[in-house]
Amino acid sequence: MNPVNYLYLAALLFTIGASGVLIRRNAIVVFMCIELMLNACNLALVSFSRMHGNLDGQILAFFTMVVAAAEVVVGLAIIVSLFRSRHSASVDDASLMKL
Amino acid sequence: MNASLAAAASATSTGEAVQFWLLGTVAVIGALSTVLMKKAVHSALSLAGTMIVLAVFYLANGAYFLGIVQIVVYTGAIMMLFLFVVMLVGVTAADSLKETIKGQRWLAAGCGLGFGVLLIAGIGQASLRGYNGLGAANALHGGNVEGLANLIFTKYVFAFEITGALLITATVGAMLLTHRERTERAKTQRELSQERVRSSHLPPLPAPGVYARHNAVDIAGLLPDGTPSELTVMQTLRRRGQIRDVSGEALADLKALEQRSGERLGRGLADRAGASEDHAEEGEEVAK
């Protein structure tokens, strides 16, 4: 088996995550789909690192994980405060700035 | 040890191929059910499964440090954070299934499909036939973790420092977003008691449940005229709309019983030949 298959898998997972972001309207599930996309990118980075035989790809994946952790903390805090003020976690309900 | 690691990382064995096809299927199924499951809890659990599979793939790709970090940080911390928020927001907060923009779902699915085809075709076109493997890179500083540490603290040390600043900012930001300043003074016990005397409910609130039939907290107690009183159910359940109404159940049961016995008696008088059928039906009802 060629390690390129890992790249195909990463592309598939990224696509599924992106469609999820477009399709779902529960803010938490949208957020989970974003996490799925980040994970797919990490898988691609790790397999690139293996193909090219250096560790820089893994360092990049490591930084992606750190940024993802920070992003999850802030994003979930926003969802919780949005839920407190509107009693709903649907992204359609946050339409206050709509014309 | 290092030689075997190097060999494992530079050649794709049959075992790895089998692992890839089996676990890859699991990962795709998990991702699909993350998108398609109606309840957020189920989505979160499917996503956790996908992440564990990805951790195994990292290990198989020679990224030993990242594989462990994936399990500890993603499945251990981030997914549990997600589950906590799902719990805070309410498990019943399922997606509404009606579309606000007409045809948006199909358009989104079509866009996703097109994007996926583009991406996969791009990978297929690229010339990625040969590969080097991580054996030499991992062995250079004595192991995967040592190699990563060497890179982080020399070449990427500035990015690493910035990452620390990012983490502390995120922590402070999350605290600020979820913290609520108390805008009014807390009421004293005397004020609370005076308020209660002035309100229409001096005695404690009536208890939920219907005497001798249902005593769950989500079932409203019945008023003398048989209508449920929402006052008996606690505020949280009332706001979520999770009150169960059992006020009509007793009457409906009685009605069904009367109808059944009426049917049986009527049939018994009409013809004695169907007695065996009656027995069979009786058996069914007992089973119910």
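Within every chain, numbering begins at 1; the chains are lettered A, B, ... in the order of the sequence lines, protein sequences first and strands thereafter.
With chain B as partner, the option from A/Ala61, A/Ser49, A/Gly57 having the largest number of non-hydrogen pairs under 4.5 angstrom is A/Ser49. Taking chain B as the reference chain and counting heavy-atom pairs below 4.5 Å, the highest number among A/Ile78, A/Val67, A/Asp56, A/Val30 is found for A/Asp56. Note: A/Ala11 leads A/Ala69, A/Ala11, A/Ala40 in heavy-atom pairs under 4.5 Å with chain B. No other option in A/Val66, A/Val46, A/Ile59 has as many heavy-atom pairs under 4.5 Å with chain B as A/Ile59. When each of A/Val72, A/Val74, A/Ile28 is scored by its heavy-atom pairs under 4.5 Å with chain B, the top score falls to A/Ile28. Note: A/Leu13 leads A/Leu13, A/Ile79, A/Val21 in heavy-atom pairs under 4.5 Å with chain B. Of the residues considered (B/Ala108, B/Gly173, B/Gly147), B/Ala108 shows the highest number of contacts with chain A, using heavy-atom pairs under 4.5 Å.
Here the CZ-CG distance, from A/Phe48 to A/Leu43, works out to 10.5 Å after rounding to the nearest 0.5 Å. Annotation: the span from A/Leu38 atom CG to A/Met65 atom CE amounts to 10.0 Å, rounded to 0.5 Å.
With a 4.5 angstrom heavy-atom cutoff, A/Asn5 touches chain B via backbone and side-chain atoms both. For a residue to count as touching a neighbouring chain, one of its non-hydrogen atoms must lie under 4.5 Å from one of that chain's; by this rule B/Ala44 touches chain A with backbone and side chain alike. If you measure heavy-atom distances from B/Thr50 to chain A, the contacts under 4.5 Å come from the side chain alone. The parts of B/Leu81 that come within reach of chain A are both its backbone and its side chain, each placing non-hydrogen atoms under 4.5 angstrom from that chain. Residue contact with chain B, scored on non-hydrogen atoms closer than 4.5 Å, involves the backbone and the side chain of A/Phe62 alike.
Side-chain contact check for B/Leu151 versus A/Gln58: every heavy-atom pair is 4.5 Å or farther apart. At a threshold of 4.5 Å between non-hydrogen side-chain atoms, the residues A/Tyr8 and A/Leu12 do not count as touching. Contact of the A/Tyr6 side chain with the B/Asn61 side chain is registered, since non-hydrogen atoms from C-beta on lie closer than 4.5 Å. When side chains are defined from C-beta on, A/Glu71 counts as touching A/Phe31, because their heavy atoms get closer than 4.5 Å. Contact of the B/Leu66 side chain with the A/Asn42 side chain is not registered, since no non-hydrogen atoms from C-beta on lie closer than 4.5 Å.
Note: B/Phe153 and B/Phe160 have perpendicular aromatic rings, judged against thresholds of 30 and 60 degrees for the angle between ring planes.
Residues of residues 27-37 of chain B that come closer than 4.5 Å to chain A, counting heavy atoms only, are B/Ala27, B/Val28, B/Ala31, B/Leu32, B/Thr34, B/Val35, B/Leu36, B/Met37, ordered by residue number.
Judged by distance alone, the side chain of B/Asn150 and the main-chain N or O of B/Glu146 form no donor-acceptor pair under 3.5 Å. Panel note: side chain A/Arg84, backbone B/Thr178; a donor-acceptor pair is recorded below 3.5 Å.
Ring-centre distance between B/Phe57 and B/Phe20: below the 6.0 Å cut-off.
Tested against A/Asn39, the residues B/Val53, B/Leu47, B/Leu54 include a single side-chain contact (heavy atoms from CB on, under 4.5 Å) partner, B/Leu54.
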